[in-house]
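Numbered from 1 within each chain, the chains take letters A, B, ... in sequence-line order.
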Amino acid sequence: MPTSQLFQYTPESMRVSPARAGGFLTSHGQVSTPAFMPVGTQGTVKGTTPAQLLEIGPQVILGNTYHLGLRPGDALVAQLGGLHAFMGWKGPILTDSGGFQVFSLASMRKITEEGVAFRSHHDGSSHFLSPERSMEIQRNLGSDIVMALDECPAGRMERLQLEASMARTTRWLKRCREYPLAEHQGLFAINQGGTHLDLRTHHLEEILEIDAHHPFQGFAVGGLSVGEPKEEMNATLAEFVHLLPEDRPRYLMGVGTPEDLLFGIEQGVDLFDCVLPTREARHGRLLTSRGRINIKNARHRESPEPLDPDCGCYTCRNFSRAYLHHLFRVGELLASTLNSIHNLSYTVGLTRAARLALLENRFPDFARLTRDNWKTEEP
RNA sequence: GCCGAGAUGGCCGAGUGGUUAAUGGCAGCAGACUGUAAAUCUGCCACGCAACGCGUUACGGAGGUUCGAAUCCUUCUCUCGGCA
């Protein structure tokens, strides 16, 4: 079954804000939105087993083209039955194209019209990622949602440079669209333009020209949360997201914090992904309905309380802050696991709760209450 | 008892006459992290202040040499190894 178009639960005419609930089908299950997608770059959502992930309940998880193409290699993954089978995850998978690595590994790559020449971060060996190669890797991985290869420019890139980068991203997008993917795979286009509304809209027009001949299954907003001021990111989202086609999923890439998710949903974003919940979990920074806590802080040493009394995750059901504090202080692996389970549960749960509130027509109240609660934990 | 080695800030451990309140590491106290080169990285970490500066104690104890000592000398105490 091919990844299909968005179907909406709340028609535009019945909505009081751009925020919306929706969903679409993939061959590995339905995706209900808004949804937060945990990142599993190297074929694992760091710190969790698929069974634990199943309980957390994400709609989709991510894998990465650059990383998996390098190790263990997409051909091997294909030989072993594809990424779903390889990593033991039966639900939908989205693979990022390697576009973000063009940004994050900037010191180890060179961009040309043909593609991106990378030095492997493992051993320095040379590799070339073209739009076609990115598609080939993602086809081999067998993900349900394939991301177009883009150039993710740094947040403070000069306008002129940004325009050149975007033009190339558009040309790459055409090549990605022309590449034959597997029957079940859907391709998402990525919009760039930094925090310039005119560049964003211009790029969107170019994307929609391609879309008119050969439709994309979704649209992503890329190039945000990459160093630009938060106010500029929010202004851009507020001005731009509602311009994206209504009838297909909108994906805000690399975002983020609970605050950002709520704001994004309010602007009409359907999908999010971010490494923050798992990375911060590994670093002892935990999200709760009452704000953030740092479990390594001495003040939690003797606390019998759960992390978040309003959370029903495995970690909060079974362990005290004192225990989590202890595990972190002694450097036990279980600290990462329990913390990751919680942060992911919180983040996935936030988008799920938002969806429910949207379906029940009480989203504005939900958003206000959620924000008020965040202020209670730490002064 | 003799011979040898050594005693440094909470711990381990550099430093052997002067940019030394004293390298590092650990522990401790905080912070950062947004399509993962991140189980990572950063700051603080003797005491007292009218504190981006000043003062006071500090390298086992006591005494000495020197303009100046954690660093050299004497002695005491203790620790470790070897021989009796």
Side-chain angles (χ1 to χ4, degrees), chain A residues 36-48 60-68 70-71 93-109 118-124 134 138 143 145-155 188-192 218 220-230 233-234 237 251-261 263-264 269 271-287 292-301 327-340 343 347 378:
Chain A
F36 175 80
M37 309 181 284
V39 179
T41 304
Q42 313 206 70
T44 165
V45 175
K46 287 188 197 293
T48 65
V60 187
I61 66 170
L62 263 68
N64 187 285
T65 296
Y66 167 81
H67 297 265
L68 293 169
L70 233 41
R71 291 189 184 178
I93 293 178
L94 178 154
T95 42
D96 188 30
S97 59
F100 185 72
Q101 281 61 49
V102 176
F103 161 72
S104 67
L105 298 177
S107 63
M108 310 180 73
R109 52 72 171 157
F118 277 105
R119 302 301 290 273
S120 161
H121 67 279
H122 290 119
D123 56 14
S134 177
Q138 295 185 73
S143 52
I145 300 172
V146 170
M147 298 307 298
L149 180 66
D150 64 330
E151 179 187 347
C152 179
F188 278 33
I190 304 174
N191 173 267
Q192 292 290 347
V221 177
L224 290 178
S225 249
V226 284
E228 79 285 359
K230 176 62 69 74
M233 173 175 107
N234 286 351
L237 290 174
Y251 166 24
L252 176 54
M253 306 185 80
V255 171
T257 66
E259 293 82 358
D260 290 347
L261 296 183
F263 185 80
V269 174
L271 296 167
F272 304 86
D273 80 285
C274 194
V275 304
L276 216 49
T278 45
R279 181 182 292 168
E280 288 196 324
R282 270 176 276 124
H283 299 166
R285 190 76 167 157
L286 302 172
L287 305 164
R292 274 165 251 261
I293 71 162
N294 200 331
I295 199 62
K296 64 187 172 186
N297 287 172
R299 50 186 276 247
H300 301 114
R301 201 174 72 85
L327 288 181
F328 193 92
R329 298 296 280 245
V330 296
E332 281 294 338
L333 292 173
L334 187 58
S336 288
T337 295
L338 294 181
N339 291 347
S340 296
N343 270 3
T347 310
E378 281 178 330

*Asks:* Rounded to whole Å, how long is the line connecting atom CZ of A:Phe328 with atom P of B:A39?
*Replies:*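 A:Phe328 atom CZ is separated from B:A39 atom P by 11 Å.
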*Asks:* Counting just side-chain N and O atoms, does A:Asn297 come under 4.0 Å of either OP1 or OP2 of B:A30?
*Replies:* yes
*Asks:* Provide, to the nearest angstrom, the distance between the CE atom belonging to A:Met253 and the C1' atom belonging to B:U36.
*Replies:*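 Whole-Å distance recorded here is 13 Å.
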*Asks:* Would you say that A:Asn343 contacts A:Thr278 through its side chain, given a criterion of any heavy-atom pair below 4.5 Å between the two side chains?
*Replies:*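 Heavy-atom side-chain distance check fails, nothing below 4.5 Å.
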*Asks:* What contact category does A:Thr278 fall into here, base, sugar-phosphate, or nothing, at under 4.0 angstrom with non-hydrogen atoms?
*Replies:* base
*Asks:* Roughly, in whole Å, what's the span from CZ in A:Arg292 to C1' in B:G31?
*Replies:* 14 Å
*Asks:* From C-beta outward on A:Thr41, which listed nucleotide comes closest to its side chain: B:G31, B:G35, B:U36?
*Replies:*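 The answer is B:U36, which lies nearest to the side chain.
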*Asks:* For B:A32 and A:Arg285 - does any side-chain N or O of the residue sit under 4.0 Å from the phosphate oxygens OP1/OP2?
*Replies:* yes
*Asks:* Any donor-acceptor pair under 3.5 Å joining the side chain of A:Asp150 to the base of B:G35?
*Replies:* yes
*Asks:* Taking atom P in both B:C11 and B:C59, compute the distance separating them and give it to the nearest angstrom.
*Replies:* 14 Å
*Asks:* How close or far is atom P of B:G35 from atom CG of A:Asp273, stated in whole angstroms?
*Replies:*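 My rounded result for the distance is 7 Å.
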*Asks:* If we take the P atom in both B:C49 and B:U42, what is their distance in whole Å?
*Replies:* 32 Å
*Asks:* Nearest to the side chain of A:Leu333, which nucleotide is it out of B:A39, B:A30, B:U36?
*Replies:* B:A39
*Asks:* Using purine N1 to pyrimidine N3 plus N6-O4 or O6-N4 for Watson-Crick, or N1-O2 and O6-N3 for G-U wobble, each under 3.5 Å, what pairs with B:A30?
*Replies:*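 Check on B:A30: paired to B:U42, both distances under 3.5 Å.
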*Asks:* B:A39, OP1 or OP2 - any side-chain N/O from A:Ser336 closer than 4.0 Å?
*Replies:* no
*Asks:* Both distances below 3.5 Å, Watson-Crick or wobble geometry, any strand: find the nucleotide opposite B:A7.
*Replies:*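 Paired with B:A7, as far as the under-3.5 Å criterion goes, is B:U77.
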*Asks:* Is it true that A:Phe118 and A:Tyr66 have ring centroids separated by less than 6.0 Å?
*Replies:*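 Judged by ring-centre distance (under 6.0 Å), A:Phe118 and A:Tyr66 do meet the cut-off.
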*Asks:* Any strand is fair game: report the nucleotide pairing with B:U19 by Watson-Crick or G-U wobble, both distances under 3.5 Å, or none.
*Replies:*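 The answer is none; no pair meets the criterion.
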*Asks:* Decide yes or no for A:Asn339 and A:Leu286: does some side-chain heavy atom of the first lie under 4.5 Å from some side-chain heavy atom of the second?
*Replies:*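 The answer is yes; the side chains approach within 4.5 Å.
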*Asks:* Output the single nucleotide from B:C33, B:G35, B:A37 whose closest atom is nearest the side chain of A:Glu280.
*Replies:* B:C33
*Asks:* Can you work out whether A:Ser97 or A:Arg282 has the more 5'-proximal nearest nucleotide on RNA chain B?
*Replies:* A:Ser97
*Asks:* Tell me whether the OP1 or OP2 atom of B:A37 has a side-chain N or O from A:Ser104 closer than 4.0 Å.
*Replies:*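 Looking at the OP1 and OP2 atoms of B:A37, one of them is under 4.0 Å from a side-chain N or O of A:Ser104.
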*Asks:* Rounded to the nearest 0.5 Å, what's the gap from NE2 on A:His283 to CZ on A:Phe328? Could you check?
*Replies:*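 One gets 7.5 Å once the value is rounded to the nearest 0.5 Å.
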*Asks:* Could you tell me whether A:Ala298 contacts a base, only the sugar-phosphate backbone, or nothing, with contacts defined as non-hydrogen atoms closer than 4.0 Å?
*Replies:* sugar-phosphate
*Asks:* Given the P atoms of B:A21 and B:A69, what is the spacing between them in whole Å?
*Replies:*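 Their P atoms lie roughly 13 Å apart.
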*Asks:* Establish, with yes or no, whether the OP1 or OP2 oxygen of B:U36 is under 4.0 angstrom from a side-chain nitrogen or oxygen of A:Asn64.
*Replies:*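 Yes.
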*Asks:* Whole angstrom is fine here: how far is it from CD1 in A:Ile61 over to P in B:G35?
*Replies:*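 Roughly 16 Å, once rounded to whole Å.
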*Asks:* Picking from B:U34, B:G35, B:A37, which would you name as closest to the side chain of A:Met108?
*Replies:*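 Nearest nucleotide to the side chain: B:A37.
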*Asks:* Could you give the distance separating B:C12 and B:A27 at their C1' atoms, to the nearest angstrom?
*Replies:* 10 Å
*Asks:* Does any N or O in the side chain of A:Arg329 come within less than 3.5 Å of the main-chain N or O of A:Lys296, such that one atom is a donor and the other an acceptor?
*Replies:* yes
*Asks:* Write down the distance separating the C1' atoms in B:U65 and B:G18, rounded off to the nearest Å.
*Replies:* 16 Å
*Asks:* Return the value, rounded to whole Å, for the distance between atom CG of A:Leu252 and atom C1' of B:G35.
*Replies:* 9 Å
*Asks:* Can you tell me the pairing partner of B:G35 across any strand shown, Watson-Crick or G-U wobble, with both distances under 3.5 angstrom?
*Replies:*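 Across any shown strand, B:G35 pairs with none.
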*Asks:* If you compare all heavy atoms of A:Thr65 against all heavy atoms of A:Thr95, which two are closest, and at what distance to 0.1 Å?
*Replies:* OG1-CB, 4.2 Å
*Asks:* Among B:A38, B:U34, B:A37, which nucleotide sits nearest the side chain of A:Cys274?
*Replies:*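 Minimum distance to the A:Cys274 side chain belongs to B:U34.
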*Asks:* Between A:Gln101 and B:G35, is there a side-chain N or O to OP1/OP2 distance below 4.0 Å?
*Replies:*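 For B:G35, OP1/OP2 do not have a side-chain N/O of A:Gln101 under 4.0 Å.
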*Asks:* With sugar-phosphate meaning primed atoms plus P, OP1 and OP2, does A:His122 contact a base, only sugar-phosphate, or nothing at under 4.0 Å between heavy atoms?
*Replies:*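 No contact at all - A:His122 keeps every heavy atom at 4.0 Å or more from the nucleic acid.
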*Asks:* For the C1' atoms, the ones on B:G48 and on B:U57, what distance do you get once it is rounded to whole angstrom?
*Replies:* 10 Å
*Asks:* Quick one: label A:Glu228 by what it contacts on the DNA or RNA (base, sugar-phosphate, nothing), any heavy atom closer than 4.0 Å.
*Replies:*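 Here A:Glu228 touches no strand at all.
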*Asks:* Which is more 5' along RNA chain B, the nucleotide nearest A:Gly254 or the one nearest A:Leu105? Just name the residue.
*Replies:*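 Its nucleotide being nearer the 5' end, the pick is A:Gly254.
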*Asks:* Looking only at atom P, what distance separates B:G25 and B:G13, rounded to whole Å?
*Replies:* 16 Å
*Asks:* Whole Å only: how far is the CZ atom of A:Phe272 from the P atom of B:G35?
*Replies:* 14 Å
*Asks:* Does B:G48 have a Watson-Crick or wobble mate here (both distances under 3.5 Å), and if so which one?
*Replies:*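 WC or wobble partner is B:C54.
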*Asks:* Indicate syn or anti for B:A51, taking the glycosidic torsion and treating anything within 90° of 0 as syn.
*Replies:* syn
*Asks:* Is the base of B:G35 touched by the side chain of A:Asp96 through a donor-acceptor pair closer than 3.5 angstrom?
*Replies:*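 Side chain to base: pair found, below 3.5 Å.
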*Asks:* For A:Phe36 versus A:Val255, what's the shortest heavy-atom pair and its separation?
*Replies:* CE1-O, 4.2 Å
*Asks:* Just N and O in the side chain of A:Arg329: are any of them under 4.0 Å from OP1 or OP2 of B:G28?
*Replies:* yes
*Asks:* Going from CG on A:Asp150 to CG on A:Asn191, what distance comes out if it is rounded to the nearest 0.5 angstrom?
*Replies:* 10.0 Å
*Asks:* Below 3.5 Å, does any donor atom in the side chain of A:Lys296 face an acceptor in the base of B:G28, or the other way round?
*Replies:*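 Result: no qualifying N/O pair found.
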*Asks:* To the nearest 0.5 angstrom, please state how far the CG atom of A:Leu276 sits from the CG atom of A:Leu287.
*Replies:*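 Rounded to the nearest 0.5 Å, the CG-CG separation comes to 7.5 Å.
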*Asks:* When we call it a touch if two heavy atoms are under 4.0 Å apart, what does A:Gly223 touch: a base, just sugar-phosphate, or nothing?
*Replies:*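 Contact class for A:Gly223: base.
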*Asks:* Ring-on-base stacking between A:His283 and B:U40, under 5.5 Å between centres and under 30° between planes: is it there?
*Replies:*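 Here A:His283 meets both the 5.5 Å and the 30° conditions.
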*Asks:* Between B:A39 atom C1' and A:Asn294 atom CG, what is the distance in whole Å?
*Replies:*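 A:Asn294 atom CG is separated from B:A39 atom C1' by 15 Å.
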*Asks:* Applying the Watson-Crick and G-U wobble criteria at under 3.5 Å, what pairs with B:U66? Answer none if nothing qualifies.
*Replies:*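 Matched B:U66 with nothing under the 3.5 Å cut-off.
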*Asks:* So, is A:Arg279 near the phosphate of B:U34, with a side-chain N or O under 4.0 Å from OP1 or OP2?
*Replies:*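 Affirmative; the distance criterion is met.
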*Asks:* Could you tell me how far B:U8 sits from B:A70 if I compare only their P atoms? Round to whole Å.
*Replies:*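 Comparing P positions in B:A70 and B:U8 gives a spacing of 15 Å.
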